[in-house]
> 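One structure is given below, represented as C-alpha cells, and several questions about it will come after.
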Amino acid sequence: MRVDLLTDPIAGLDEALAVVDAFDDVLVAGLLRPQKTAGLIELADAVAGSPLAARVAEAAEKTAAGAAGEEHFVSLAAARIAVFGSVHDAVLARLVEATGRPLGDDSAGQAAEPELPNLLIAARSWLSDLARAGWQGIDHDLISASAQVISALLAEPSLRRLAVLLDGFAAELAASCPGAALERIPARRWGDLWSRGMLLTLPGAAAPSIGTVTGRLLPLGVDLLEHATAAQAQVHAVFEPEDGTAPRLVRANVTAPKPDTIIGAGIWQLLRPHLSLLTAISEGRSMDVADMPVTAEGDLLWRDDHARLGEPADAFSTARVALPKAVTPTVAPLDRHPVRLAVPVFLEGYGIEGDEDALTFTFAGNRLSVETDRIPAAGPLTPKAVAGSSACIGLIRWDGGFRLQPLAVETTVRKKTTAVHAGAWAGGTTDKAGVKAEKAATDAAAVLRERAGRLLRK
C-alpha cells in the first residue's frame with residue numbers, strides 16, 4: 001500500500017469540483033430566470049470535449065434565456081453527473097495505483113424498454129419544477145405535489161430505486177420549507193439528489209446488469225449505517241470463484257426499518273434474520289455460495305438459500321493473502337460519485353499520532369486521517385483500540401481528501417495479539433457489554449410490540 005500516493009494532489013480535481021459548485025449555486029436561486037449564468041457556462045465548457053457537448057451547450061443557452069424545457073434540464077443533470085464521474089474516476093485511479101490491485105473490466109447493463117413511461121414523465125416534471133423554483137423557492141405546495149407520483153412509483157418494483165430516492169428527497173425538502181428562510185442550504189447534496197433523480201427518469205437508467213456467481217466468500221469486515229428509522233449492514237468481502245479465475249471484491253447489504261429507541265448492539269437483532277452472512281462474520285468463517293445473484297459492480301443480491309457456512313476464515317489472513325490479488329470492480333456511470341467510494345485496504349507498520357478524537361496513521365512521513373467517528377457503537381471496536389493497534393483492515397473513503405474508516409484492528413491485550421472487529425457482535429455475542437446492550441434492546445422491542453398490540457386491539 002503506497003500511502004504517499006494518497007497525499008499527492010490529483011490534477012484537475014479542484015477545478016472539476018469548482019464547476020459543480022458553480023452550477024449548484026445557480027440551482028439555489030432556480031433555473032426559471034437564472035440571475036447567475038456563469039455556472040451554466042462553466043458546466044457547458046467542462047463537457048465541451050465529450051459527446052454531451054452540443055446538448056449541454058444548447059441547454060445552458062436556453063436556460064440562461066429562461067426558455068429551457070425538461071429535456072434541457074436532463075442535459076444539465078447529465079453534465080453535472082459526468083463531471084462528478086470524472087472526479088470519481090480520478091480518485092479511484094489513484095486508489096488502484098496506491099493499492100496495486102487490478103481494476104475490473106468496464107461493463108454496462110443493457111438499457112431496458114420503457115416501463116410505465118407516464119410515471120417517469122410525471123417524476124421528471126416535478127423535478128423540473130423544483131429546478132425552476134430553486135432551493136430558495138421551495139414551499140409546501142411544491143413539495144406536496146410529489147406525493148401522488150411517489151405513491152405510484154413505490155407500487156412498481158421496477159421503479160423502486162427512483163421511488164425511494166424521491167420519497168427521501170421530498171421528505172428532506174419538506175422539513176426545510178420554506179426555502180427562503182433557510183440559513184444554510186445543502187447545495188451539493190440537493191444537487192446530487194436532483195441530478196440523480198432526473199437521470200433515473202430516463203428509460204433503462206435504473207436497470208442494473210445482473211449475473212450469478214459460485215464459489216467461496218471470505219469476509220473482511222462489516223460497515224454499519226444507522227438512521228433514526230432504518231439501519232443497514234454492508235459486508236465487504238473477497239470472493240474466490242469456483243472456476244479458479246481471479247478473486248474479486250464484493251459487497252452484501254441488508255437494510256431493515258427500526259424504531260429510534262433501538263440503538264447500539266440491538267440493531268443486529270433487526271438485521272440478522274435477513275442475512276446469514278452476519279453469523280459468519282461473528283464466527284470468523286467463510287461462506288460457500290452457489291448461483292448467488294450479483295451486479296456488475298460487485299453487489300451480491302443476497303439470498304440465504306444460495307449460501308451456507310463454510311470453513312474458518314480469519315479476516316486478517318484474508319487481508320494479508322487474498323486481498324492484494326482481488327480485482328476492484330468498476331462502477332456503473334450513474335453511480336460514479338466520489339462519496340460512494342469505499343475501498344477495502346490492509347495496513348500495518350504505521351505510526352500513530354493524535355488522540356482518539358483526531359487520529360492519524362503515519363507512514364514514513366505520510367499521514368492518513370482516521371475516521372474514528374464512523375466506528376459503530378454496536379461492536380467492541382473503539383477509537384482507543386484503533387489508537388493502540390498494529391494492523392488495520394479498513395475502508396479508504398474520499399471527502400475532500402483520502403480518509404480511513406477502520407473495520408477491524410489487531411492490538412495487544414495482556415501481551416497477546418488480539419483481533420477486534422466492528423462487526424464482532426453481528427451474529428450474536430457472549431461479550432458482557434454486548435449481551436447487556438442486546439438485552440436492553442430486547443426489552444425495548446418487547447415494550448414496543450406490546451404498545452403496538454394495544455393500539456391494534458383498540
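Quick note: numbers below take in every heavy atom, side chains included, and nothing from hydrogens, waters or symmetry partners.
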> Considering only residues two or more places apart or on different chains, which pairs with a residue in residues 273-282 satisfy salt bridge (charged side-chain N to carboxylate O under 4.0 Å, His left out)?
none
> Please enumerate all residues that pass side-chain contact (heavy atoms from CB on, under 4.5 Å) together with Pro324, with sequence neighbours excluded.
none
> Over 60° means perpendicular and under 30° means parallel, so tell me whether Tyr350 and Phe361 are parallel, tilted or perpendicular.
parallel
> Sequence neighbours excluded, which residues qualify as salt bridge (charged side-chain N to carboxylate O under 4.0 Å, His left out) partners of Asp21?
Arg188
> Looking at Leu165 and Leu193, what are the two nearest heavy atoms and their distance?
CD2-O, 3.7 Å
> Can we say Arg251 and Glu297 salt-bridge, meaning some charged N sits less than 4.0 Å from an Asp/Glu carboxylate O?
no
> Just jot down the side-chain hydrogen bond (donor to acceptor under 3.5 Å, both in side chains) partners of His236, sequence neighbours excluded, or say none.
Gln234
> Provide the full list of salt bridge (charged side-chain N to carboxylate O under 4.0 Å, His left out) pairs with a residue in residues 373-395, sequence neighbours left out, each pair given once.
Glu371-Arg374
> In chain order, what residues pass the side-chain contact (heavy atoms from CB on, under 4.5 Å) check against Val294, with sequence neighbours excluded?
Val213, Arg248, Leu300
> With sequence neighbours excluded, tell me which residues meet side-chain contact (heavy atoms from CB on, under 4.5 Å) with Ala385.
Leu381, Thr382, Val409
> Taking side-chain contact (heavy atoms from CB on, under 4.5 Å) as the definition, give me every residue that meets it alongside Leu103, ordered by chain and number, with sequence neighbours left out.
Leu92, Val96, Thr328, Thr330
> With salt bridge (charged side-chain N to carboxylate O under 4.0 Å, His left out) as the rule and sequence neighbours excluded, what pairs involving residues 126-146 come up?
Asp129-Arg132
> Only counting residues at least two apart or in another chain, list the ones meeting salt bridge (charged side-chain N to carboxylate O under 4.0 Å, His left out) with Arg272.
Glu438
> Sequence neighbours excluded, which residues qualify as salt bridge (charged side-chain N to carboxylate O under 4.0 Å, His left out) partners of Arg189?
Glu172
> What residues form a salt bridge (charged side-chain N to carboxylate O under 4.0 Å, His left out) with Glu156, not counting sequence neighbours?
none
